[in-house]
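Both backbone and side-chain heavy atoms feed into the values below; hydrogens, waters and symmetry mates do not. One-based numbering along the sequence shown. Since the structure is predicted, the reported quantities are computational estimates derived from the model, not experimental observations.
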Amino acid sequence: MDTQFAQLIVNGIAVGSIIALAAVGLTLTSGILRLSNFAHGDFLTLGAYLTWLINTIGVNIWLSMILAAAGTVAAMLLSEKLLWSRMRSIRATSTTLIIISIGLALFIRNGIIFIWGGKNQNYNLPVTTALDIFGLKVPQNQLLVLGLAVLAILALHYLLQNTKIGKAMRAVADDLDLARVSGINVDRVIFWTWLIAGTLTSLGGSMYGLITAVRPNMGWFLILPLFASVILGGIGNPYGAIAAAFIIGIVQETSTPWLGSQYKQGVALLIMILVLLIRPKGLFKGTI
């Protein structure tokens, strides 16, 4: 039982690292743009499908991930141009934004099914053996996923703390109108928010495809854990979202011996409800 539990924790860390990448993108758009984007999970799916599409024509998997991230960022910037910038200009209510984002999620998911069909797809990769670490069987892909997630998180930390645009993003998250009056180029901050969110979300989708099959609803099944991570970590706090994502990933996986794998979503929802009841601002301070 101990070995099985340890194995579940390892699986939870791998899933948590994927949730962390996508949750950072979601918390940035929530904190900076005040947008609860329910299409976020489907942008993650788009990243996975673009990676699969580029990989199947013979492109190296790592280059496929980079090109897929560029494609996902382009799709997010298009949604910003056609939808979100217009909604902000008319000061649309948060309810309106949520309904539009759900519509966008359905549009992306059904577009993926229309173009590539509903069946599971797999990357064109050689079969790798699992590594034996302290008696645990750890697939090489899970180690790669964790390593890539750590690299991406370190790059984000550097960008937020040590660059002009990072400081501008923190200022806009605190007070958009004050930032605009202070001479900060808010449009540039919005562009960088989508660039970071799209890149990390696409990478999360690509990595999720490494440890599971690529399928049209993969991102939709992650949307609850994503929002739970954002709320648990404090809305707009990327570091909080990362910590919360690992907590949720591990709790979800370790709950399966008692509840079964079909209730993983329920665990994320339960965590989210408890946090909202006990500590509505999350475990960490909100905004960047």
Filter on salt bridge (Lys or Arg N to Asp or Glu O under 4.0 Å), then keep only pairs touching residues 179-199, sequence neighbours left out; what's left?
none

Quick one: hydrophobic cluster around Leu63, which other residues, with the 4.5 Å side-chain cut-off, linked directly or via members?
Ile54, Ile57, Val59, Leu67

Give every residue pair that meets the salt bridge (Lys or Arg N to Asp or Glu O under 4.0 Å) criterion with at least one member in residues 268-277, sequence neighbours excluded.
none

Hey, could you give me each pair passing salt bridge (Lys or Arg N to Asp or Glu O under 4.0 Å) that has a residue in residues 227-241? Not counting sequence neighbours.
none

The side chain to side chain donor-acceptor pair (under 3.5 Å) partners of Glu253 (sequence neighbours excluded) come to Lys264

Return a table of donor-acceptor pairs under 3.5 angstrom between the side chains of residues 213-221 and protein atoms on other chains or two or more places apart.
unit_1	atom_1	unit_2	atom_2	d
Arg215	NH1	Thr212	OG1	3.2
Arg215	NH1	Ala213	O	3.4

For residues 42-51, which residue pairs qualify under salt bridge (Lys or Arg N to Asp or Glu O under 4.0 Å), counting only residues two or more places apart or in two chains?
Asp42-Arg109

Going by side-chain heavy atoms closer than 4.5 Å, which hydrophobic residues are tied to Ile66, directly or by a chain of links?
none

Please list all pairs passing the side-chain hydrogen bond (donor to acceptor under 3.5 Å, both in side chains) test where one or both residues lie in residues 85-100, with sequence neighbours left out.
Glu80-Arg88, Thr93-Thr96

With sequence neighbours excluded, residues passing side-chain contact (heavy atoms from CB on, under 4.5 Å) with Ala243:
Phe284

Counterpart residues, side chain to side chain donor-acceptor pair (under 3.5 Å), relative to Thr201 (two or more places apart):
His40

Kindly write out the residues that satisfy side-chain contact (heavy atoms from CB on, under 4.5 Å) with Val275, not counting sequence neighbours, or none if the list is empty.
Ile231, Leu232, Ile271

